[in-house]
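Numbering of ligands and ligand atoms starts at 1, following listing order. Since the model is a prediction, treat every value here as computed from it, not as a measurement. Sequence positions, counted from 1, serve as the residue numbers for this chain.
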Amino acid sequence: MNSPPAKKRVVLLGATGSIGENTLRVLAAHPDKLELVAIAAHSKWEKLAAIARQFHVPHVGVFDDAAFAAARAQPAAFPPGTRLVGGLAGLVELAQLPAADTVLVAVVGTTGLEPALAALAAGKDLALASKEILVLAGKFVLAAAKKSGAKLLPVDSEHNAVFQCLEGHPHAGVRRIVLTASGGAFRDWPAARLAHVTPADALKHPNWSMGPKITVDSATLANKGLELIEAQCLFGLRPEQCTAVIHPQSIVHCLVEFNDGAMLAQLCPPSMTFPIQHALLHPARAPGVDAALDFTKLLGLEFRPIDDTRFPLLRLARATMHAGGVAPAVYNAANEIAVAAFLAEKIPFLAIPAVVEHTLAALPNFEPTDLAAVLATDTDARRLARLHLAHV
Ligand code: NDP
Ligand code: MG
């Protein structure tokens, strides 16, 4: 008698967020193929407990000290026998669990870097949503994957799309890739109106429902900037081979142009369940969680060039790609500080690019030879960006 195919055992870091919730929908739809063995979040331990009960998850990580203590004081909230771990060390431990095959990192920002490197070092496949990690330390993440032979599977929808279009195609045949951008909340706003936008305005994304940081990044187009850097790193491309176009419908997620001018595109409705499922089941395919495109209805696909003058963070991202070294890491760190300050209503929307530009200008660029140098630059950039907040 044939034994049933083994399930992929998944660790989900950032389980309580937007990517986390979409991942849970994929896991719930494929209990015969996927098994959740560990989850972690920053502080929403009650939500983690509910997920642990629903999916019978044996390992739970809580990053924040106070939330970890609160969770430990309520063992009855978790399924009997649940192991609770805390802090960054806890996340790293979960990323290396012997009983896991794939680690999905969907922690906002760069906190997931160490767990991601630990997962790759332990030979786990890494499904990566946290683009900031690649912008901060892409070459070290790629080196870790190469060393252990583990797979690095992009979850970011555009990169997952490029990954799908490139499979089976020799790298040398690629002329360029085109990432699509919805254009964010202010796609059609004139420049003059941008001076007065509020966090509530920026959080109204036209197509995608996502966490607050990435939604603001979509409104400034820093998200597309981070994604161009992410693509350059993931697919080993030159800066000029990584391009972007506005596509308001968010149905085409990328185009890959080959040397002969032919293009391949990847299409699906704007739901993260598509790339998440692709990354978790790769290379297998299975019925999707959300309905596919329906061609019995009118479907318009529109593309227009991006106006860099309204979105300086995209221009700055391109400059960092050409500069190389730690420039993308500085861009990412300063952007994180500026976005947090904007969301806390401490700086206006247009100050976000100003903080990033100042911070980039203030720090010398160099080619890092080890991770410690990148992390030190990240710390310096955050400190300088915080200083600049007071002057914008
Ligand atoms: P959310 O803000 O919705 O969720 C963030 C998640 O990270 C939460 O589970 C949060 O826990 C957790 N978290 C934050 N800090 C820590 C920490 N120090 N330790 C452990 N967990 C932590 O973000 P998104 O889901 O929108 O985005 C997650 C990542 O995925 C980002 O890097 C984003 O750029 C990327 N991404 C997101 C897309 C989307 O559609 N949302 C699309 C493509 C990429 P808690 O709830 O307890 O605070
Ligand atoms: Mg994306």
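Counting heavy atoms of neighbouring residues, nucleotides and ligands inside a 6.0 Å radius, atom NE2 of His358 does not exceed 12 of them.
Heavy atoms of Ala106 approach ligand 1 to within less than 4.0 angstrom. Ala40 does not count as a contact of ligand 1, since none of its heavy atoms falls under 4.0 Å from the ligand.
For Glu158, the N, O or S atom closest to the Mg ion (ligand 2) goes by the atom name OE1. Within Glu227, the N/O/S atom positioned nearest the Mg ion (ligand 2) carries the name OE2.
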Worksheet item: Taking it one step at a time, do Phe235 and His171 satisfy ring-ring contact (aromatic ring centres under 6.0 Å, His included)?
Response: CA-CA 9 Å; Phe235 305 112; His171 188 272; 8.8 Å; no

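By the criterion of a heavy-atom distance under 4.0 Å, neither the backbone nor the side chain of Lys47 is placed next to ligand 1. Within the 4.0 Å heavy-atom criterion, the part of Thr111 lying near ligand 1 is the side chain and not the backbone. Residue Leu91 touches ligand 1 through its side chain alone, judged by heavy-atom distances below 4.0 Å.
An N or O contact shorter than 3.5 Å links Ile19 to ligand 1 by distance. Checking only distances, His42 does come within under 3.5 Å of ligand 1, N or O to N or O. Considering backbone and side-chain atoms alike, Ser18 places an N or O below 3.5 Å from some N or O of ligand 1. Residue-to-ligand polar distances place Gly211 within reach of ligand 1: an N/O pair is separated by less than 3.5 Å.
Remark: Glu227 CD to Asn223 CG distance equals 4.0 Å, nearest 0.5 Å.
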